[in-house]
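Input: a single structure, listed below in structure tokens.
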Amino acid sequence: MAKIFCVANQKGGVGKTTTTVNLAAGLAKIGQRVLMVDLDPQGNATMGSGVDKRKLELTVYDVLLESASVAEARVRSDKCGYDVLGANRELAGAEVELVEVERREKRLKLALAAVDAEYDFVLIDCPPSLSMLTLNGLCCAHGVVVPMQCEYFALEGLTDLVNTIKQVHANLNQDLQIIGLLRVMFDPRITLQQQVSEQLKAHFGDKVFNTVIPRNVRLAEAPSYGLPGVVFDPSARGSVAFVEFANEMVERIRKM
Ligand code: ADP
Ligand code: MG
């Protein structure tokens with residue numbers, strides 16, 4: 001049975017997509033069967049996995065509207081070693097189109113159930129909002145991975161996300177929990193980042209992953225080559241950290 005994780009944080013530019021594609025590549029590298037689902041109309045995780053979003057005939061949009069199955073719409077990224085259920089601009093329309101339909105927040109959950117046995121991990125890259133798309137992600141997930149930059153407002157932004165997760169847990173998905181907070185783009189030379197990091201550990205204890213993802217330019221360069229950093233430059237510090245994080249995830253779900 002696949003373990004399904006959303007990578008979510010309603011702030012933009014915090015490292016969700018980078019985390020999703022590099023964790024997917026890291027898990028694939030250590031032998032896990034992975035499906036990466038792009039739930040952001042920007043399609044960055046799709047492009048960053050070597051799949052051209054403009055050339056896709058079927059995407060997660062078709063799956064949400066039940067005009068295609070996951071098996072029909074997914075594509076294989078050979079370079080990255082995982083499957084991709086891609087997204088493009090069309091997905092922005094789903095938000096409106098889903099308003100009219102039944103079970104609208106459960107569409108993705110139902111669709112993923114059909115491929116459950118084929119994967120060890122399903123990773124969902126969420127858009128920077130707490131929208132119907134994110135809700136579809138949260139409804140099917142066992143856990144949420146929250147990437148965070150250790151900056152002054154980091155904790156404040158977390159409150160909304162934590163409340164949304166509590167509501168989804170209470171009303172729609174009793175499996176849902178925050179599996180962990182991942183410190184990303186970390187620069188240990190910056191005192192404030194160290195302080196916020198300590199605050200995070202004080203507040204959230206072992207919900208904070210041990211692995212820390214450093215700020216690393218190779219991770220930022222990789223998307224322009226259509227690759228996760230882990231594939232683009234495996235020896236870069238950021239890539240090594242993401243493989244370490246993949247191992248920590250495998251370890252953590254054993255205890256779930
Ligand atoms: P989000 O999906 O939350 O909007 P992204 O993953 O797209 O965020 O990251 C925002 C920007 O930060 C991108 O340009 C990305 O390449 C860069 N970035 C993300 N993580 C790192 C990192 N660890 N080191 C350096 N740059 C990073
Ligand atoms: Mg993104």
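In listed order, ligands and their atoms are each counted from 1.
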Margin query: With the threshold set strictly below 4.0 angstrom, can you tell me whether any protein non-hydrogen atom sits that near atom 1 (P) of ligand 1?
Written below: yes
Notebook entry, point to check: Between Ile213, Leu219, Asn216, which one has a non-hydrogen atom sitting closest to atom 24 (N) of ligand 1?
Noted result: Asn216
Note to self: When you compare the side chain of Met185 with that of Pro214, does any pair of heavy atoms fall below 4.5 Å?
What the structure shows: no
Margin query: Between Asn88 and Thr59, is there a side-chain donor-acceptor contact under 3.5 Å, judged purely by atom types and distance?
Written below: no
Next item on the list: Decide whether Asn44 and Thr17 meet the rule of one side-chain donor and one side-chain acceptor closer than 3.5 Å.
Entry: no
Notebook entry, point to check: Any non-hydrogen atom of Pro214 lying under 4.0 Å from ligand 1?
Noted result: yes
Notebook entry, point to check: About how many Å separate CG of Leu56 and CG of Leu85, when rounded to the nearest 0.5 Å?
Noted result: 9.0 Å
Margin query: Heavy atoms only: which of Arg183, Gln10, Met185 lies closest to atom 20 (N) of ligand 1?
Written below: Met185
Notebook entry, point to check: What atoms in ligand 1 come closer than 4.0 Å to a heavy atom of Val14?
Noted result: 1 (P), 3 (O), 8 (O)
Next item on the list: Starting from atom 26 (N) of ligand 1, find the nearest protein heavy-atom neighbour and note its residue, name and distance.
Entry: Ala220 CB, 3.7 Å
Check: Among side-chain atoms of Asp83 and Tyr119, is any donor-acceptor pair under 3.5 angstrom?
Finding: yes
Check: Run the side-chain contact (heavy atoms from CB on, under 4.5 Å) check on Cys140 and Ile124 step by step: do they pass?
Finding: CA-CA 10 Å; Cys140 56; Ile124 303 173; 3.7 Å; yes
Checklist line | N, O or S atoms of the protein lying under 2.8 Å from the Mg ion (ligand 2) | finding: Thr17 OG1
Margin query: Give the atom numbers and elements of ligand 1 that come within less than 4.0 Å of a heavy atom of Gly15.
Written below: 1 (P), 3 (O), 5 (P), 6 (O), 8 (O), 9 (O)
Notebook entry, point to check: Heavy-atom contact under 4.0 Å between Gly13 and ligand 1?
Noted result: yes
Item checked: Backbone of Met132 reached by a side-chain donor or acceptor of Arg104 within 3.5 Å -> no
Next item on the list: Please answer whether the main-chain N or O of Gln32 pairs with a side-chain N or O of Asp120 as donor and acceptor at a distance below 3.5 Å.
Entry: no
Note to self: For the residue pair Thr211 / Glu248, report whether a side-chain donor-acceptor contact shorter than 3.5 Å exists.
What the structure shows: yes
Check: Does the side chain of Ser49 come under 3.5 Å of the side chain of Tyr82 through a donor N or O and an acceptor N or O?
Finding: yes
Checklist line | Thr17-ligand 1 polar pair, N/O distance under 3.5 Å | finding: yes
Notebook entry, point to check: Quick one: which ligand 1 atoms are inside 4.0 Å of a heavy atom on Thr18?
Noted result: 5 (P), 6 (O), 9 (O), 15 (C), 19 (C), 20 (N)
Item checked: Protein contact for atom 13 (C) of ligand 1 (heavy atom, distance under 4.0 Å) -> no
Next item on the list: Decide whether Lys207 and Gln177 meet the rule of one side-chain donor and one side-chain acceptor closer than 3.5 Å.
Entry: yes
Next item on the list: For Lys16, counting its heavy atoms only, list the atoms of ligand 1 lying under 4.0 Å from any of them.
Entry: 1 (P), 2 (O), 3 (O), 6 (O), 8 (O)
Check: Without hydrogens or angle criteria, can the side chains of Asn136 and Thr134 be said to hold a donor-acceptor pair below 3.5 Å?
Finding: no
